[in-house]
Amino acid sequence: MRLVILDNYDLASEWAAKYICNRIIQFRPGKDRYFTLGLPTGLPRNHPESYHSYMWNNFFKHIDIDPNNAHILDGNATDLQAECESFEKKIKEAGGIDLFVGGIGPDGHIAFNEPGSSLVSRTRLKTLAMDTILANAKYFDGDLSKVPTMALTVGVGTVMDAREVMILITGAHKAFALYKAIEEGVNHMWTVSAFQQHPRTIFVCDEDATLELRVKTVKYFKGLMHVHNKLVDPLYSMKEGN
Amino acid sequence: MRGGQGAAWAPVLQFTNCRILRGGALLREDLWVRGGRVLDPEKLFFEERRVADEQRDCGGCILAPGFIDVQINGGFGVDFSQATEDVGSGVALVARRILSHGVTSFCPTLVTSPPEVYHKVLPQIPVKSGGPHGAGVLGVHLEGPFISREKRGAHPEAHLRSFEANAFQDVLATYGSLDNVRIVTLAPELGRSHEVIRALTALGICVSLGHSVADLGTAEEAVQSGASFITHLFNAMLPFHHRDPGIVGLLTSDQLPPGRRIFYGLIADGTHTNPAALRIAHRAHPQGLVLVTDAVPALGLGNGRHTLGQQEVEVDGLTAYVAGTKTLSGSIAPMDACVRYFLQATGCGVESALEAASLHPARLLGLEKHKGTLDFGADADFVVLDDCLRVRATYISGELVWQAEVAGQ
């Protein structure tokens with residue numbers, strides 16, 4: 001894996017954004033060559049904090065993507081099982097995911113693959129762990145009764161199929177999860193640990209997230225920053241036609 | 001023609017590179033329009049899976065809901081209170097010219113007149129949607145004749161009336177049909193005003209208090225009977241007194257029916273209301289403030305002397321005088337100038353200044369779902385403003401109806 005450590009949340013976000021940007025451009029996407037970006041999915045639509053609204057406001061409305069190329073798991077579908085299977089099928093039809101970008105929960109989960117999720121799981125309906133519900137409460141004015149308890153999610157196996165995986169981890173409250181994910185063994189109680197067996201994973205984090213790691217680990221990867229920074233500098237642009 | 005989100009056949013317009021006034025704030029958002037209404041782009045993206053058919057770059061400007069003027073007596077030489085054979089043309093002329101002031105809807109106002117005038121003029125001013133031809137007519141504002149003799153201002157004394165004898169029947173006899181009427185200004189101290197106020201309110205007509213010597217108690221009772229507006233606060237009413245605040249006291253009255261808000265018109269032309277008075281009113285009750293022009297026919301005529309009916313008027317900048325005197329002869333400040341002056345005098349913030357000319361009059365008339373707002377589903381009547389709040393372009397139903405000339409083309 002690559003472990004990229006930046007000073008704070010803003011710098012980590014910026015580094016990750018530049019990396020994704022460069023990856024897409026170096027892929028040389030075109031009319032018949034799509035770059036498939038994977039992002040974790042969740043809540044039902046038209047909820048005040050719906051994932052659709054979140055994705056629209058934070059991503060889709062700022063770019064010129066064709067709506068037909070945006071596929072989001074529909075938590076309001078009548079047949080959820082069919083919805084999940086169809087999602088897996090769409091990924092396959094798109095030729096697989098080129099880059100999956102995700103975060104990590106305080107309990108070490110990737111997407112909504114809560115502790116105990118199979119490390120070869122596929123897209124399915126999951127009941128959320130209390131930790132996750134508590135973490136999501138801030139989006140519902142702190143009212144626990146309003147937080148959805150179930151969610152459709154891509155599976156660990158689904159993400160493992162991606163050609164590259166990027167995990168973003170910031171904040172001290174995620175530090176223990178990061179430690180479990182990269183310094184301990186592969187364990188379905190800390191599902192992000194599955195990516196130790198992925199050929200191309202990159203973890204981007206801030207200083208606070210490294211608080212539970214061994215000093216040796218942190219020093220090693222910080223020492224590689226000059227190598228890592230070559231991935232974001234120069235920053236390519238679609239306009240330059242490279 | 002307007003459609004809803006379901007007007008799927010209509011092209012989708014996306015106004016980009018702008019800040020829109022929504023929810024009381026200037027947001028860095030695009031404005032999406034379809035079928036003459038503001039469109040929810042998120043629904044378009046996820047449900048219809050469509051993108052815009054046309055994008056228009058707004059050059060970093062502010063997009064605000066079109067201004068609504070609920071008190072305007074005429075302009076550009078036209079006097080709405082004059083009974084001609086073709087009142088319609090006069091209204092249409094004003095409707096077209098005020099587009100350049102950012103006004104997309106208005107209430108032509110008639111001052112105190114004899115019944116013959118009302119009977120002849122009112123049927124010629126129907127409610128009408130706006131468009132390239134001009135701003136929309138929301139209905140007529142009848143200011144008088146049921147007002148106070150003492151506070152008549154420039155209204156002709158000979159035509160003042162009371163409704164003591166037959167209350168609402170007197171009103172009907174005077175005005176004729178009330179079909180096209182939206183607002184009536186009256187003095188609540190006149191006998192049987194409560195019956196009249198209740199009858200008018202029951203018809204959906206907004207009752208406004210003005211040209212009156214009413215004390216606060218009388219004014220409060222009028223509001224309890226249904227009155228919801230004050231005509232040009234401070235002007236033509238008793239001044240604020242600390243033991244009897246009069247009509248002005250309604251701004252902070254605790255006797256209003258629960259859940260009801262009193263609105264008040266203010267002429268912010270730099271002349272009719274001292275800026276300190278503007279600030280007192282604004283600070284006391286900011287949500288009720290409605291900017292009005294109360295413009296007279298001399299509006300838009302340019303500096304110099306003009307003959308308007310029986311009057312000789314001298315226009316100098318934003319002020320009109322009776323020719324050869326220093327007596328004010330009505331207001332001639334366009335609505336956008338009022339918004340700018342109001343902003344500068346009160347320091348209230350661009351959002352508040354814009355809402356005072358759009359959202360608040362819409363709320364007064366119960367139109368806030370469709371007018372005075374850029375919420376999804378509202379009519380796409382909006383104005384494009386630069387940072388100094390000068391009008392660059394005006395749109396009605398998503399169609400460009402006026403545009404400032406671009407220098408050096």
Side-chain angles (χ1 to χ4, degrees), chain A residues 13 17 29 31 34-78 80 82-84 86-87 89-91 93-94 123 139 141 148 151-154 238-239, chain B residues 4-35 37-63 351 369 373-378 380 382 398:
Chain A
S13 305
K31 258 176 36 137
Y34 282 28
F35 185 96
T36 308
L37 182 68
L39 300 163
T41 57
L43 307 170
R45 194 144 57 88
N46 283 336
H47 201 280
E49 280 307 323
S50 93
Y51 195 73
H52 282 69
S53 291
Y54 182 83
M55 288 305 293
W56 168 257
N57 284 309
N58 289 293
F59 191 38
F60 295 133
K61 82 177 179 198
H62 302 281
I63 60 176
D64 59 354
I65 188 171
D66 179 341
N68 290 305
N69 293 333
H71 307 278
I72 297 190
L73 273 175
D74 183 4
N76 286 334
T78 33
L80 293 175
E83 172 69 13
C84 293
S86 143
F87 197 72
K89 189 151 164 269
K90 280 187 219 158
I91 293 174
E93 280 163 5
T123 304
Y139 297 116
D141 293 324
L152 294 185
T153 179
V154 288
M238 286 299 283
K239 297 180 188 119
Chain B
Q5 188 100 8
W9 46 269
V12 174
L13 271 164
Q14 180 187 4
F15 294 87
T16 65
N17 191 13
C18 55
R19 286 157 286 156
I20 67 176
L21 180 66
R22 186 180 277 159
L26 277 180
L27 307 174
R28 182 68 193 77
E29 290 279 350
D30 293 345
L31 182 71
W32 294 66
V33 175
R34 180 170 64 179
R37 292 234 163 107
V38 178
L39 182 66
D40 182 349
E42 190 189 323
K43 276 208 184 127
L44 185 76
F45 186 90
F46 289 121
E47 287 176 25
E48 294 180 52
R49 307 197 155 255
R50 273 181 67 179
V51 291
D53 295 295
E54 189 192 330
Q55 287 185 333
R56 283 195 205 166
D57 188 321
C58 297
C61 282
I62 294 171
L63 264 53
E351 299 87 342
K369 286 253 171 325
T373 164
L374 293 179
D375 287 347
F376 303 136
F382 60 94

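Lettering of chains follows the sequences in order, A, B, ..., and the numbering in each one begins at 1.
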>> Restricting to non-hydrogen atoms, name the atom on A:I65 and the atom on B:V51 that form the minimum distance, rounded to 0.1 Å.
In response: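 In this case the closest contact between A:I65 and B:V51 is O-CG1, 4.1 Å.
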>> Tell me if the NZ atom of A:K89 is crowded by more than 12 foreign heavy atoms within 6.0 Å.
In response: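 No, NZ of A:K89 has 12 or fewer neighbouring heavy atoms, counting only those of other groups under 6.0 Å.
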>> Is it true that, when you exclude A:D66 itself, more than 12 heavy atoms of the residues, nucleotides or ligands shown sit nearer than 6.0 Å to its CG?
In response: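 Yes, CG of A:D66 has more than 12 neighbouring heavy atoms, counting only those of other groups under 6.0 Å.
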> So which bits of residues 53-63 of chain B come within less than 4.5 Å of chain A, counting non-hydrogen atoms only?
Replying inline: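 Within residues 53-63 of chain B, near chain A: nothing under 4.5 Å.
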> When rounded to the nearest 0.5 angstrom, what is the spacing between CD in B:E42 and CG in A:N57?
Replying inline: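 Here the interatomic distance stands at 6.0 Å.
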> How long is the span from the CD atom in B:E47 to the NE2 atom in A:H52, to the nearest 0.5 Å?
Replying inline: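 It is 9.0 Å, given to the nearest 0.5 Å.
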>> Holding to ring pair (Phe, Tyr, Trp, His ring centres under 6.0 Å), I want the full list of residues that pass it with B:F45, two or more places apart in sequence or in another chain.
In response: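 Expected list: A:W56, A:F60.
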> In chain order, what residues pass the side-chain contact (heavy atoms from CB on, under 4.5 Å) check against A:Y34, with sequence neighbours excluded?
Replying inline: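 Partners of A:Y34 under the side-chain contact (heavy atoms from CB on, under 4.5 Å) test: A:N69.
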> Which residues pass the side-chain contact (heavy atoms from CB on, under 4.5 Å) test with B:E29, sequence neighbours left out?
Replying inline: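 B:E29 satisfies side-chain contact (heavy atoms from CB on, under 4.5 Å) with A:K61, B:I20, B:L27 once adjacent residues are dropped.
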